Amino acid sequence: MNDIKQVVGIAFIENNKLLIVQSHKSSKTNSYTFIGGGVEEGETLIEAAIREVGEEIHNGFSINEEDLELVLSKEEKAASDPTKRISMHIFLAHKKIDVPLTPNEEILIYHWYQLGDNLNISNSIKDFLEYAINNNILKK
């Protein structure tokens, strides 16, 4: 069996909405995921989260360790390839995005998800939404 890939997801919440994205990879399954991606060799989870935010939000936006809070970790099927298992680590970002969200070589679509939106969201987003509602981070 293959090793389980370590993956980070970063949850940005503004105005009771969660930022989700459709990447080139997740578009193959028409699903939405968090800003994030795989942890590279030698990288910590925090380092991976900081790097992924810079790559996927880009436009000069950056985040640091103090802006991130690890809130959930779980194993699941990858949204981009349901035959692969990942260990997903979800960080809650405590920084507002102050740059334009523009598609790039990794991200096709940025979407501010509101509870009730009818989109194909990853299992990790579903789990985070439950966590966020139960902890009064998002309101129903």
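The figures that follow rest on heavy atoms only: side chains count, while hydrogens, waters and symmetry mates do not. On a predicted model such as this, the values are computed, not experimentally measured, just so you know.
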Ring pair (Phe, Tyr, Trp, His ring centres under 6.0 Å): which pairs involve residues 36-59, sequence neighbours left out?
none

Listed partners of K25 passing side chain to side chain contact (heavy atoms under 4.5 Å, CB included), at least two apart
S23, S80

Closest contact, heavy atoms only, T33 versus S26
CG2-CB, 4.1 Å

Compare every heavy atom of G36 with every heavy atom of I10, then report the nearest pair and how far apart it is.
CD1-CA, 4.0 Å

Please list all pairs meeting ring pair (Phe, Tyr, Trp, His ring centres under 6.0 Å) that have one or both residues in residues 36-56, counting only residues at least two apart or in different chains.
none

Taking only residues two or more places apart in sequence, or in another chain, which ones meet Y110 in a side-chain hydrogen bond (donor to acceptor under 3.5 Å, both in side chains)?
N104

N64 CG to I50 CD1 distance, which is reported to the nearest 0.5 Å:
6.5 Å

The side chain to side chain contact (heavy atoms under 4.5 Å, CB included) partners of V7 (sequence neighbours excluded) come to K5, I86, M88

Which heavy atom in W112 sits nearest to a heavy atom in F12, and how many Å separate them?
CZ3-O, 3.6 Å

Enumerate the residue pairs fulfilling salt bridge (Lys or Arg N to Asp or Glu O under 4.0 Å) with a member in residues 45-67, sequence neighbours excluded, ordered by first and then second residue.
E40-R51, E43-R51, R51-E55

Under the side-chain hydrogen bond (donor to acceptor under 3.5 Å, both in side chains) rule, collect the residues that match up with E106, sequence neighbours excluded.
none

Quiz: residues 131-140 side-chain donor-acceptor pairs under 3.5 angstrom, not counting sequence neighbours:
from	atom 1	to	atom 2	distance (Å)
N134	ND2	E130	O	3.3
N135	ND2	Y131	O	2.8
K139	NZ	N136	O	3.0

Which donor-acceptor pairs under 3.5 Å do side chains of residues 116-128 form with protein atoms, sequence neighbours excluded?
from	atom 1	to	atom 2	distance (Å)
D117	OD2	H111	NE2	2.9
D117	OD2	Q114	N	3.0
N120	ND2	T29	O	3.3
N120	ND2	N30	O	3.2
S122	OG	S124	OG	3.0
S122	OG	I125	N	3.3
S124	OG	E76	OE2	3.4
D127	OD2	K74	NZ	2.8

Does the cation-pi check pass for K96 over F61, that is, NZ or CZ under 6.0 Å from the six-membered ring centre and within 45° of its axis?
no

Just to verify, what does H94 make a side-chain hydrogen bond (donor to acceptor under 3.5 Å, both in side chains) with, not counting sequence neighbours?
E69

Please identify each residue that fulfils side chain to side chain contact (heavy atoms under 4.5 Å, CB included) with S73, with sequence neighbours left out.
L70, H89

Which atom names give the shortest non-hydrogen contact between A11 and L18, and what distance separates them?
CB-CD1, 3.7 Å

